[in-house]
Amino acid sequence: MKITILTIFPHFFDQFLDSSIVKRAIAKGVVAFEIVNIRDYSLDKNHRVDDHPIGGGAGLIMRLEPLVSCLRAHSSEKTHKIYMGPRGKTFTQKDAIRLSKMEEILLVCGHYEGIDSRFQDYVDEELSIGDFILTGGEIPAMAIADSVTRLLKGAISDESTKEESFDNDLLEYDQYTYPLEFEGKRIPDILFCGNHQVVDEYRHRESLRITLERRPDLIEKMVYTRKDYDYLQSLKKGATEESKKEKEALQKGKRFVPEK
């Protein structure tokens with residue numbers, strides 16, 4: 001995949017491209033980035049890309065000409081063009097998956113008080129990362145580029161993306177590692193029972209519980225089984241008992257492991 005980012009602050013992305021999963025994905029040839037300075041396409045002798053809003057108002061507006069020229073010079077018919085703006089659709093994991101299947105995406109970072117609204121006709125969609133205002137689109141562009149890159153084949157192990165928050169509209173279950181106990185906080189015994197099916201069922205129930213507790217709006221959107229429905233109803237009534245399978249697994253399985 002190729003990801004192109006149009007910005008007036010190209011150096012903003014230096015550390016992003018030279019760190020962690022993104023750096024390794026670039027080295028493997030999984031993804032290629034092109035960071036383009038919009039100012040290079042300004043016809044102004046001082047490379048200005050902004051002007052005062054027509055009709056009055058605070059701040060400055062990014063001009064149409066350098067934006068369009070820059071966009072055309074770094075995109076083709078197969079490029080999916082995205083403007084990072086506060087009025088856009090809220091970006092979700094489903095969008096990350098959708099974009100990760102494309103051959104080329106281009107992210108346009110706005111700045112100042114916004115862009116000339118006519119620029120909307122030159123992009124395919126507008127995306128936002130939340131209901132708040134930032135000084136520019138660079139942080140949202142990095143967030144989207146990161147979330148898309150990690151989904152690309154070869155960027156990280158397939159196992160790492162198999163079960164994550166927002167898969168099936170649920171938040172991820174709690175994860176643990178050693179020590180077994182720390183300041184009185186102990187890893188749940190069920191995770192040591194040795195029965196993978198029971199552990200999977202326990203984790204699914206925990207995902208339901210955590211989602212209901214922290215993001216009930218996601219529960220309202222999801223399609224769940226009768227078993228999930230009954231469990232959610234029991235949670236709403238305050239019931240937190242272990243399932244019959246979990247009790248049996250704890251009785252039969254290996255409850256404790258050596259301290260590391």
Side-chain angles (χ1 to χ4, degrees), residues 1-10 12-13 16-17 22 31 33-39 41 49-55 57-152 164-167 169 171 214-215 217-218 220-222:
M1 168 180 269
K2 180 180 180 182
I3 300 177
T4 302
I5 300 176
L6 311 188
T7 174
I8 59 173
F9 296 107
F12 200 97
F13 295 89
F16 171 71
L17 299 180
V22 172
V31 63
F33 278 87
E34 182 180 17
I35 311 299
V36 183
N37 192 341
I38 299 171
R39 293 186 189 278
Y41 293 84
V49 294
D50 56 279
D51 210 332
H52 297 286
I54 302 299
L60 297 167
I61 305 297
M62 291 187 73
R63 293 176 61 93
L64 194 59
E65 311 98 300
L67 281 168
V68 173
S69 295
C70 186
L71 183 74
R72 286 176 172 164
H74 295 275
S75 63
S76 64
E77 291 183 359
K78 63 183 178 182
T79 307
H80 187 74
K81 299 174 282 293
I82 305 164
Y83 167 60
M84 310 306 309
R87 299 190 304 183
K89 171 184 175 293
T90 302
F91 181 75
T92 67
Q93 184 66 11
K94 287 185 174 64
D95 292 309
I97 294 170
R98 170 174 61 88
L99 295 176
S100 71
K101 297 176 181 178
M102 296 180 178
E103 189 174 343
E104 292 185 12
I105 63 172
L106 180 147
L107 306 172
V108 182
C109 305
H111 219 77
Y112 308 115
E113 285 297 312
I115 63 170
D116 187 308
S117 292
R118 291 170 291 180
F119 185 65
Q120 300 286 355
D121 294 335
Y122 297 88
V123 297
D124 298 303
E125 64 179 317
E126 179 178 352
L127 291 176
S128 166
I129 61 169
D131 295 336
F132 52 90
I133 305 299
L134 296 169
T135 55
E138 284 73 22
I139 291 174
M142 282 196 293
I144 290 178
D146 182 273
S147 65
V148 169
T149 297
R150 67 187 304 280
L151 291 173
L152 300 177
E164 298 185 311
S165 289
F166 307 113
D167 284 347
D169 293 319
L171 300 182
R214 303 181 186 182
R215 290 290 303 276
D217 57 303
L218 294 177
E220 294 173 3
K221 298 176 184 177
M222 70 175 287

Could you go through the side chain to side chain contact (heavy atoms under 4.5 Å, CB included) check for Leu60 and His52 one step at a time?
CA-CA 5 Å; Leu60 297 167; His52 297 286; 3.6 Å; yes
Checking the side chain of Ser100 only, and the main-chain atoms of Ile97 only, is there a donor and an acceptor separated by less than 3.5 Å? yes
Fill in: Donor-acceptor pair between Asp146 and Thr149 side chains, under 3.5 angstrom
no
Do any N or O atoms from the side chain of His111 and from the backbone of Gly137 form a donor-acceptor pair under 3.5 angstrom?
-> no
When rounded to the nearest 0.5 Å, the distance separating CG of Leu71 from CD1 of Ile38 is 9.5 Å
Interatomic distance, CD1@Ile54 vs CD1@Ile61, rounded to 0.5 Å, equals 9.5 Å
Side-chain touch Ile35/Leu17, heavy atoms, less than 4.5 angstrom: yes
Exercise. Start with the C-alpha distance between Phe13 and Phe33, add both sets of side-chain angles, then the distance that settles side chain to side chain contact (heavy atoms under 4.5 Å, CB included), and finish with yes or no.
Key: CA-CA 10 Å; Phe13 295 89; Phe33 278 87; over 6 Å; no
Would you indicate whether Lys101, at its atom NZ, is surrounded by more than 12 heavy atoms from other residues, nucleotides or ligands within a distance under 6.0 Å?
no
For Ser75 and Lys81 the tightest heavy-atom approach is OG-CD, 3.9 Å
Output for pair (Ile8 CD1, Cys70 SG), nearest 0.5 Å, gives 11.5 Å
Heavy atoms of Ser128 and Gly88 approach each other most closely as CB-O, 3.7 Å
Do the side chains of Met62 and Asp116 get nearer than 4.5 Å, heavy atoms only? no
Side chains of Ser147 and Phe91, heavy atoms from C-beta outward: is any pair under 4.5 Å? yes
| query | Got a salt bridge between Lys2 and Glu34, using NZ or NE/NH1/NH2 to carboxylate O under 4.0 Å? | reply | yes
Here the gap from His80 atom NE2 to Glu104 atom CD, rounded to the nearest 0.5 Å, amounts to 12.5 Å
Less than 4.5 Å apart, any side-chain heavy atom of Tyr41 and any of Val49?
-> no
* Answer whether the closest heavy-atom distance between the side chains of Leu151 and Gln93 falls below 4.5 Å. => yes
Closest non-hydrogen contact found for Ile115 with Gly110 is CG2-CA, 4.2 Å
Output for pair (Ile105 CD1, Glu125 CD), nearest 0.5 Å, gives 9.5 Å
When rounded to the nearest 0.5 Å, the distance separating CG of Asp131 from OG1 of Thr90 is 5.5 Å
Are any non-hydrogen side-chain atoms of Cys109 and Ile5 less than 4.5 angstrom apart?
-> yes
Review point. With distance as the sole test, does Glu126 use its side chain to make a donor-acceptor pair with the main-chain N or O of Arg87 at under 3.5 Å?
Key: yes
- Query: What class does the angle between the rings of Phe119 and Tyr122 fall in, given that below 30° is parallel, 30 to 60° is tilted and above 60° is perpendicular?
  - Reply: parallel
- Query: Would a 4.5 Å heavy-atom cut-off, applied to side chains only, mark Leu99 and Ile82 as touching?
  - Reply: yes
Any heavy-atom pair between the side chains of Thr4 and Thr79 that's under 4.5 Å? no
